[in-house]
*Asks:* 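Right, I'll just put the structure down here and ask away after.
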Amino acid sequence: MNRLVKTALLAGAAFGAMASAAQAQDVTTQEAAAQVEDIIVTARRTEESAQKTPLALTAFSGETLERTGAQQVTDLQGAVPNLNLVQGRGSSNATNIYIRGVGQPDALQTFDPAVGVYVDDVYYSRIRGTQFDLLDLERVEILRGPQGTLYGKNTIGGAMKLVSRRPDQEFRARASAAYGDYDLVEVQGAVSGPVTDNLALGLSALHSERGGYVTDPATGAEYNDKNSTAVRASLAWDPASNFRIDLNADYAKDDAGMTVGQAQNDLTDLLKTTVLRPVPNPVPEYNFKTRTTPGLPNETRLETWGTALRATWDLSDALSLKSITAYRGLNTDDYIDFDATELEIADALVAVDQTQFSQELQLTYTGDRLNAVAGLYYLKEDVDSHQESYNDALLGPAFGNSGFLRTIDDTLETTSKAVYGNLSYDVTDKLRLSAGVRYTEEEKDYWRTTSTFYSLLPAFNATYVFAPDVGKYDDTSIMLSADYLLSDDAMVYARYSQGFKSGGFNGRANSPTEATEYQPETADSFEVGAKTSFWDRRARLNLAAFMTKYEDFQARVAGLDTDPVTGLPAPVLSVLNAGQLDIFGFELEGVLVPIRGLTLDAQVGFLEADYKEFKDDRFTNFGGSRAFQDPAFSPKWTLRFGGQYEWFLSGGSSVTVGGAAKFRSRMALAVDNTYENTTIEIPGMYQDDYWLYDARVVWSDASDRYSVGLYGQNLSDEVYKTDAQEFSSIGNIRTAYYGAPRTWMIKVSAKY
């Protein structure tokens with residue numbers, strides 16, 4: 001491990017030295033080489049170069065995403081320092097996003113995300129429905145660190161922005177078809193162009209399906225597959241030179257099978273005295289074969305739809321007013337086999353019906369020295385859910401393995417209001433000062449009923465209703481930054497930013513004592529950085545160092561109590577404002593184009609996350625504290641080294657060969673990662689360090705309109721975990737979920 005890390009660091013240092021030494025090349029050679037791509041972003045709600053934006057961000061153009069063969073957002077895993085971006089546990093349509101050790105992996109509708117996801121400036125309230133296929137995008141922006149003043153709601157860890165292509169008066173069309181192993185078939189297309197002199201229309205569609213790479217050895221049933229369809233329509237209307245309207249509508253459907261993991265330890269009854277299913281110790285390397293409960297529907301169905309209207313009015317050369325009005329809906333039926341075995345210890349249906357309406361007004365001023373953005377924001381979200389938990393074996397042999405059925409119906413209404421303002425002032429031609437503030441008010445109205453039906457103990461059947469007072473939360477977040485231009489191609493900056501995530505109610509409660517309210521969490525982050533380009537902009541090196549104080553983080557923890565009705569052991573699933581984390585780290589991103597056709601890049605992330613406080617009364621041996629544990633999804637090192645070379649053939653066509661090596665050091669995959677009241681780590685709740693290797697070969701014709709590419713992922717066929725469930729209070733369940741094995745794909749593309 002140490003040798004690998006040292007090698008990676010030496011490679012990063014060598015990259016920096018190589019980039020610096022390259023400045024000595026002669027001017028003729030410089031002019032012959034291409035420059036590093038510069039991307040215009042809207043990270044601060046105004047258009048500016050990514051290299052002139054004083055915060056840590058990584059941006060990918062649509063062309064870059066297409067060239068590398070990225071199909072969905074999780075394919076960006078490894079390409080951004082200190083970013084964890086994987087498919088969520090037990091669901092084909094949720095995304096687990098952590099940035100710099102701050103995130104929220106639970107897809108249950110009562111848990112808000114900690115990283116804001118935005119599509120064309122519209123906020124997505126749930127982590128369900130964010131497993132996006134990459135369809136006709138102009139760019140993707142990943143903003144690291146709290147973004148509490150400009151984005152506000154639930155961007156305590158950062159933000160992920162997807163920006164679609166805007167149709168215009170130029171006709172454009174593109175299409176692609178892909179085939180790969182596991183019966184992968186993907187087709188997509190997009191066309192846009194003028195309807196009248198001031199109206200343009202864009203249409204895009206995608207269908208992607210793949211067989212499952214996890215199978216049940218007894219039945220042959222396939223899991224962890226893919227079957228998604230998406231369509232999108234965009235209208236761009238410019239009725240006047242100073243007025244623009246954009247209307248978007250989209251629909252997506254995901255109809256995949258269940259996402260199934262691997263049991264990590266013996267499964268027991270509630271008393272933990274009877275082993276219902278032994279698991280070898282140590283757990284053998286996963287072979288992507290898992291037994292599942294007979295009769296449990298193999299389905300994780302999701303539908304999302306929405307529309308957004310953006311109107312922009314240039315009131316003057318300096319002043320612009322924008323309105324963003326959006327409505328979105330989500331409906332899902334997820335069947336989940338939490339225990340990942342043929343036993344019905346904890347199988348569940350989670351059905352969610354969610355709608356959201358948002359309205360944002362944004363006033364932008366652009367002057368000679370002063371730039372300012374001010375706005376009002378409103379969001380109303382309604383979520384209804386129905387859940388069923390099937391437990392035929394959990395009570396154990398003493399009750400004939402009869403088990404019970406538990407049903408949950410709940411409703412959550414969230415109203416969020418905010419006012420914000422941000423300004424930047426050029427004190428001199430080189431020095432710029434920026435400041436921002438946002439005030440947020442949120443209300444959450446939650447109602448819940450839970451019923452338990454015992455098949456052999458009907459006298460103990462029970463129902464309780466939880467209807468607390470409305471939760472009310474408010475916050476004022478600020479941002480202060482200063483940046484200084486050392487030259488036209490070098491900038492240094494310092495930034496202080498705050499983030500806020502609203503409180504809420506425990507949606508996993510199984511009894512009245514668990515159905516508690518938890519309070520908001522906050523983050524204060526200090527960041528310094530440098531963004532540099534040199535050697536005629538053929539080399540780029542960006543650096544950032546940060547320190548974050550993360551307060552009152554919301555942790556879901558599990559335990560056991562006694563049911564007051566039956567006297568039986570009862571699982572307790574609590575949400576605590578557990579305490580404080582101190583997070584420190586640095587990031588390096590570099591790109592080098594030493595000769596025409598050759599591009600080298602490197603990304604290095606270092607993260608040191610430590611609990612300073614983690615209160616949990618169950619850990620009596622440690623004074624009611626578990627601060628010794630490792631924070632989840634916080635690997636110390638994330639590394640990536642990539643490169644590509646383009647050969648130009650006779651006749652003008654070209655062949656590009658590219659590849660990347662990605663490293664992630666050891667990390668915890670769950671908040672609960674030691675056995676209760678001990679410091680002994682639970683092996684199944686960790687992933688050891690690992691490398692992944694990807695490669696591609698792409699032929700393009702002389703016009704660069706047609707291409708054929710061969711893409712390979714995880715070429716060494718590494719078996720690695722991406723997420724884990726810790727439900728030890730329910731049958732001793734601990735389940736790990738794994739990344740895909742080695743895959744390949746052939747893709748044919750055309751564009752006009």
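Positions are given from 1, in the same order as the sequence printed here.
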*Asks:* Start with the C-alpha distance between Arg144 and Glu587, add both sets of side-chain angles, then the distance that settles salt bridge (Lys or Arg N to Asp or Glu O under 4.0 Å), and finish with yes or no.
*Replies:* CA-CA 10 Å; Arg144 304 192 291 279; Glu587 295 153 351; 2.9 Å; yes
*Asks:* Could you measure the distance from the OH atom of Tyr737 to the OG1 atom of Thr722? Nearest 0.5 Å is fine.
*Replies:*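 The OH atom of Tyr737 sits 10.0 Å away from the OG1 atom of Thr722.
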*Asks:* Does the pair Glu608/Lys636 count as a salt bridge with the N-to-O cut at 4.0 Å?
*Replies:*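 A salt bridge links Glu608 with Lys636.
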*Asks:* Salt bridge check, Asp339 against Arg734: does any charged N sit closer than 4.0 Å to a carboxylate O?
*Replies:*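 No.
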*Asks:* How about Asp384 and Thr411: does a side-chain donor come under 3.5 Å of a side-chain acceptor?
*Replies:*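 Indeed, the side chains of Asp384 and Thr411 share at least one donor-acceptor pair under 3.5 Å.
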*Asks:* Nearest 0.5 Å, please: how far is CG in Asn677 from CZ in Phe619?
*Replies:*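 Separation between the atoms: 6.5 Å.
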*Asks:* Look at Glu527 together with Arg495 and state whether they make a salt bridge at an N to O cut-off of under 4.0 Å.
*Replies:*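 The answer is no: the pair does not qualify as a salt bridge.
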*Asks:* Asp266 and Lys272: salt bridge (Lys or Arg N to Asp or Glu O under 4.0 Å), yes or no, with the steps?
*Replies:* CA-CA 10 Å; Asp266 292 347; Lys272 294 191 175 181; over 6 Å; no
*Asks:* Does the gap between the ring centers of Tyr420 and Tyr377 come in under 6.0 Å?
*Replies:*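 Tyr420 vs Tyr377: aromatic centres not under 6.0 Å.
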*Asks:* Should Lys417 and Glu443 count as an ion pair when the cut-off is N to O under 4.0 Å?
*Replies:*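 Salt bridge between Lys417 and Glu443, a charged N being under 4.0 Å from a carboxylate O: no.
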*Asks:* I'd like to check the ring-ring contact (aromatic ring centres under 6.0 Å, His included) partners of Phe727; sequence neighbours left out, ordered by chain and number.
*Replies:*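 Checked Phe727 against ring-ring contact (aromatic ring centres under 6.0 Å, His included); matches are Phe338.
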*Asks:* Exactly one of Arg128, Arg301, Arg89 should register a salt bridge (Lys or Arg N to Asp or Glu O under 4.0 Å) with Asp334. Which one does?
*Replies:*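 By the salt bridge (Lys or Arg N to Asp or Glu O under 4.0 Å) criterion, Asp334 pairs with just one of Arg128, Arg301, Arg89: Arg128.
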*Asks:* Nearest heavy-atom pair of Lys721 and Pro683: which atoms, and what distance?
*Replies:*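 Looking at all heavy atoms of both residues, the shortest contact is NZ-O, 3.6 Å.
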*Asks:* Using a strict threshold of under 4.0 Å (side-chain N to carboxylate O), is an ion pair present between Glu551 and Lys612?
*Replies:*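 Salt bridge: no.
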*Asks:* Answer yes when Lys549 and Asp582 have at least one side-chain N-carboxylate O distance shorter than 4.0 Å, and no when they do not.
*Replies:*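 Answer for the salt bridge query: yes.
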*Asks:* Asp630 and Ala668: which non-hydrogen atoms are nearest, and at how many Å?
*Replies:*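 For Asp630 and Ala668, the tightest heavy-atom pair comes out as O-CB, 3.9 Å.
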*Asks:* Have Ser574 and Arg508 got a donor and an acceptor in their side chains that come within less than 3.5 Å?
*Replies:*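 Note: Ser574 and Arg508 side chains miss the donor-acceptor criterion.
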*Asks:* Which heavy atom of Ser385 sits nearest a heavy atom of Gln109, and at what distance?
*Replies:*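 Residues Ser385 and Gln109, closest heavy atoms: OG-NE2, 2.7 Å.
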*Asks:* Between atom CG of Leu405 and atom OG of Ser451, what is the distance when rounded to the nearest 0.5 Å?
*Replies:*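 One gets 9.0 Å once the value is rounded to the nearest 0.5 Å.
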*Asks:* I would like to know whether Thr407 and Asp409 meet side-chain hydrogen bond (donor to acceptor under 3.5 Å, both in side chains); could you show each step before the answer?
*Replies:* CA-CA 7 Å; Thr407 63; Asp409 290 278; 4.8 Å; no
*Asks:* Show the numbers, then the answer: is there a side-chain hydrogen bond (donor to acceptor under 3.5 Å, both in side chains) between Thr679 and Tyr675?
*Replies:* CA-CA 7 Å; Thr679 60; Tyr675 294 104; over 6 Å; no
*Asks:* Any carboxylate oxygen within less than 4.0 angstrom of a Lys/Arg side-chain nitrogen, looking at Glu413 and Lys444?
*Replies:*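 No, this pair does not count.
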*Asks:* Flag the pair Arg126 and Glu381 as a salt bridge only when some basic side-chain nitrogen lies within less than 4.0 angstrom of an acidic carboxylate oxygen.
*Replies:*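 Glu381 and Arg126: salt-bridged.
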*Asks:* From Met479 CE over to Tyr496 OH, what is the distance, rounded to the nearest 0.5 angstrom?
*Replies:*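 Between Met479 CE and Tyr496 OH, I get 12.0 Å after rounding to 0.5 Å.
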*Asks:* Taking the six-membered ring for Trp, are Tyr446 and Phe466 parallel (under 30°), tilted (30 to 60°) or perpendicular (over 60°)?
*Replies:*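 Aromatic pair Tyr446/Phe466 classed perpendicular.
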*Asks:* Distance check, rounded to the nearest 0.5 Å: Gln498 atom CD versus Leu480 atom CG?
*Replies:*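 Going from the CD atom of Gln498 to the CG atom of Leu480 covers 8.5 Å.
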*Asks:* Do we get Arg664 above Tyr690's six-membered ring, with its NZ or CZ under 6.0 Å from the centre and within 45° of the axis?
*Replies:*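 Not flagged: Arg664 not positioned over aromatic ring of Tyr690.
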*Asks:* Take Glu388 and Tyr335 through the test side-chain hydrogen bond (donor to acceptor under 3.5 Å, both in side chains) and record every step on the way to the result.
*Replies:* CA-CA 9 Å; Glu388 298 177 0; Tyr335 286 93; over 6 Å; no
*Asks:* Taking the basic N atoms (NZ, or NE/NH1/NH2) and the acidic carboxylate oxygens, is any pair closer than 4.0 Å for Arg666 and Asp688?
*Replies:*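 The answer is yes: the pair qualifies as a salt bridge.
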*Asks:* Taking only Lys NZ, Arg NE, NH1 and NH2, and the carboxylate oxygens of Asp or Glu, determine whether Asp106 and Arg556 approach each other closer than 4.0 Å.
*Replies:*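 Yes.
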*Asks:* Apply the test side-chain hydrogen bond (donor to acceptor under 3.5 Å, both in side chains) to residues Asn577 and Gln554: give CA-CA distance (whole Å), side-chain angles for both, the deciding distance (0.1 Å), then the verdict.
*Replies:* CA-CA 5 Å; Asn577 287 103; Gln554 300 155 2; over 6 Å; no
